[in-house]
> 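Take a look at the following structure, please.
Because only heavy atoms are used, hydrogens play no part in the values below, and waters and symmetry mates are left out as well, while side chains stay in. Counting begins at 1 with the first residue of the sequence.
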Amino acid sequence: MITEIKTKQDLAALEAAVNEAARVALKYKDADDGGACNFDMPLLAVKIPKRLRDATALHLARCWGLYSKCYIIEDIPLYGQGDRRSEMAEAACESLRTSGYAATMYYQMD
């Protein structure tokens, strides 16, 4: 499992994996959006040095609390606020895991 990005080649591979995760998430853009209002999203649990974070086109936001060592990946589309958002987030997270990255889900229900 990839838990650290060390080189520009690692960064390029991460960018490709995020693009693939976004593509996979979009397969669920027309899913039913019933259910509770939520803020589910995939998180990337990898270390990325600042020099590489500054060099990437990815939009990564540092998480908070228990997830403070993770990044929110703003490049992954998450539509809706119910089941559709959950399905898109879970598909993207699974895609990142399949690509070998340490990814986890953040679940929040309103």
Side-chain angles (χ1 to χ4, degrees):
M1 173 126 346
I2 300 167
T3 60
E4 187 171 1
I5 304 300
K6 298 177 183 178
T7 66
K8 287 190 177 187
Q9 291 81 11
D10 293 347
L11 186 62
L14 173 62
E15 290 170 349
V18 168
N19 289 335
E20 176 62 14
R23 188 187 68 72
V24 169
L26 284 172
K27 290 180 181 179
Y28 297 91
K29 70 179 182 171
D30 296 323
D32 180 43
D33 198 32
C37 179
N38 63 46
F39 193 58
D40 300 348
M41 68 182 87
L43 302 178
L44 193 58
V46 299
K47 295 178 187 176
I48 308 172
K50 183 174 180 345
R51 67 179 173 80
L52 291 175
R53 283 195 318 267
D54 291 345
T56 185
L58 294 176
H59 299 91
L60 302 172
R62 184 63 85 173
C63 292
W64 56 94
L66 294 173
Y67 299 96
S68 64
K69 295 183 180 183
C70 297
Y71 292 97
I72 297 169
I73 313 157
E74 296 175 0
D75 302 278
I76 294 178
L78 301 170
Y79 302 150
Q81 63 183 11
D83 294 339
R84 178 185 311 139
R85 183 181 178 105
S86 297
E87 287 184 33
M88 291 180 80
E90 289 169 348
C93 185
E94 186 57 35
S95 176
L96 289 168
R97 288 177 183 157
T98 299
S99 295
Y101 292 93
T104 189
M105 281 293 298
Y106 174 80
Y107 292 100
Q108 178 179 328
M109 188 184 325
D110 191 7

> Return the minimal non-hydrogen interatomic distance between Glu74 and Ala61, and the atom names on each side.
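Taking Glu74 first and Ala61 second, the nearest heavy atoms are OE2-CB, 3.4 Å.
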
> Could I get the full list of side chain to side chain contact (heavy atoms under 4.5 Å, CB included) partners for Ile2, not counting sequence neighbours?
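Side chain to side chain contact (heavy atoms under 4.5 Å, CB included) check on Ile2 returns Ile5, Tyr101.
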
> Report, as yes or no, whether the 6.0 Å neighbourhood of atom CE on Met105 holds more than 12 heavy atoms from other residues, nucleotides or ligands.
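Atom CE in Met105 is packed in, count exceeds 12.
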
> Kindly indicate whether the side chain of Leu26, heavy atoms from C-beta on, has any atom under 4.5 Å from the side chain of Met88.
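They are in side-chain contact.
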
> Kindly write out the residues that satisfy salt bridge (Lys or Arg N to Asp or Glu O under 4.0 Å) with Glu20, not counting sequence neighbours, or none if the list is empty.
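Once residues adjacent in sequence are excluded, the partners of Glu20 under the salt bridge (Lys or Arg N to Asp or Glu O under 4.0 Å) criterion are Arg23.
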
> Please output the side-chain donor-acceptor pairs of residues 31-49 that fall under 3.5 Å, not counting sequence neighbours, one pair per line with the distance.
residue: Asp33; atom: OD1; partner: Gln81; partner atom: N; Å: 3.4
residue: Asp33; atom: OD1; partner: Gly82; partner atom: N; Å: 2.8
residue: Asp33; atom: OD1; partner: Arg84; partner atom: N; Å: 3.3
residue: Asp33; atom: OD2; partner: Gln81; partner atom: N; Å: 3.0
residue: Asn38; atom: ND2; partner: Gly82; partner atom: O; Å: 3.1
residue: Asn38; atom: ND2; partner: Ser86; partner atom: OG; Å: 3.1
residue: Asp40; atom: OD1; partner: Gln108; partner atom: N; Å: 3.2
residue: Asp40; atom: OD2; partner: Ser86; partner atom: OG; Å: 2.5

> Can you check whether Ser95's main-chain N or O pairs, donor with acceptor, with Ser99's side chain at less than 3.5 Å?
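A pair under 3.5 Å: yes.
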
> Of all heavy-atom pairs between Ala21 and Ile76, which one has the smallest distance, and what is that distance?
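Minimum heavy-atom contact is CB-CD1, 4.0 Å.
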
> Taking all heavy atoms of Asp75 and all of His59, pick out the closest pair and write down the distance.
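Closest approach of Asp75 to His59, heavy atoms only: OD2-N, 2.6 Å.
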
> According to ring pair (Phe, Tyr, Trp, His ring centres under 6.0 Å), who are the partners of Tyr106, at least two apart in sequence or on a separate chain?
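Once residues adjacent in sequence are excluded, the partners of Tyr106 under the ring pair (Phe, Tyr, Trp, His ring centres under 6.0 Å) criterion are Trp64, Tyr67.
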
> Can you check whether Leu52 reaches Thr56 side chain to side chain, under 4.5 Å on heavy atoms?
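Not in contact.
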
> Does one hydrophobic cluster hold both Leu58 and Leu96, with members joined at side-chain heavy-atom distances below 4.5 Å?
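In one cluster with Leu58: Leu96, yes.
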
> Checking Arg62 now: which residues fulfil salt bridge (Lys or Arg N to Asp or Glu O under 4.0 Å) with it, not counting sequence neighbours?
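Salt bridge (Lys or Arg N to Asp or Glu O under 4.0 Å) list for Arg62, sorted by chain: empty.
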
> Over all heavy atoms of both residues, which pair between Ala57 and Glu15 is shortest? Give the atoms and the distance, please.
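Looks like N-OE2, 3.5 Å.
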
> Please name all residues satisfying side-chain hydrogen bond (donor to acceptor under 3.5 Å, both in side chains) with Gln9, sequence neighbours left out, ordered by chain then number.
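Per chain and number, Gln9 pairs via side-chain hydrogen bond (donor to acceptor under 3.5 Å, both in side chains) with Thr7.
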
> Pair Leu60, Ile72 - check side-chain contact (heavy atoms from CB on, under 4.5 Å), show working.
CA-CA 6 Å; Leu60 302 172; Ile72 297 169; over 6 Å; no

